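Read the structure below first, then the notes.
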Amino acid sequence: MSAIFNFQSLLTVILLLICTCAYLRAMAPSLLDKNKTGFLGIFWKCSRIGERKSPYVAVCCVIMALSILFSD
């Protein structure tokens with residue numbers, strides 16, 4: 001089953017995207033800052049979410065990891 005049809009997998013992919021974009025912006029800000037609009041603007045928006053809501057994103061990552069580890 002793909003991540004589009006499985007809600008837990010979709011949330012995992014979104015969390016990984018947010019964390020990856022926030023990390024990339026911390027390491028090389030010029031990669032994401034030049035594409036603030038259009039299709040590539042999604043990555044800039046994900047990095048902003050990761051930066052501004054980092055405690056909440058971290059808690060969601062821990063909860064998601066625990067749910068993946070202990071799911072049937």
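Fair warning: this is a prediction, and the values are worked out from it, not measured in the lab.
Residue pairs meeting the salt bridge (charged side-chain N to carboxylate O under 4.0 Å, His left out) criterion with at least one partner in residues 9-22, sequence neighbours excluded, are absent. Sorted by first and then second residue, the pairs that involve residues 13-26 and meet side chain to side chain donor-acceptor pair (under 3.5 Å), not counting sequence neighbours, are Arg25-Asp33, Arg25-Glu51.
Residues Leu24 and Phe43 share a hydrophobic cluster, clusters being chains of Ile/Leu/Val/Met/Phe/Trp/Tyr side chains in contact below 4.5 Å. Hydrophobic clustering places Leu15 together with Leu10 (ILVMFWY residues linked when any side-chain heavy atoms are closer than 4.5 Å, directly or through intermediates). Both Phe39 and Leu17 belong to a common hydrophobic cluster when Ile, Leu, Val, Met, Phe, Trp and Tyr are linked at side-chain heavy-atom distances under 4.5 angstrom. Ile18 and Leu16 are not part of a single hydrophobic cluster, where members link through side-chain heavy atoms under 4.5 Å apart. Linking Ile, Leu, Val, Met, Phe, Trp and Tyr residues whenever their side-chain heavy atoms come within less than 4.5 Å places Ile49 and Ile14 in a single cluster.
For the pairing with Val59, the side-chain contact (heavy atoms from CB on, under 4.5 Å) check across Ile63, Val57, Val62 returns one residue only, Ile63.
One distance of note links CG of Leu11 with SG of Cys61; it measures 11.0 Å at 0.5 Å rounding. The distance from the NZ atom of Lys36 to the OG atom of Ser47 is 9.5 Å, given to the nearest 0.5 Å.
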Report the C-alpha distance between Gln8 and Ile68 in whole Å, list the side-chain angles of each, state the deciding distance to 0.1 Å, and finish with yes or no for side-chain contact (heavy atoms from CB on, under 4.5 Å). CA-CA 9 Å; Gln8 183 177 4; Ile68 290 172; 3.4 Å; yes

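The shortest non-hydrogen separation linking Ser54 to Gly50 is CB-O, 3.2 Å.
A search for side-chain hydrogen bond (donor to acceptor under 3.5 Å, both in side chains) contacts involving Arg52 returns nothing, not counting sequence neighbours.
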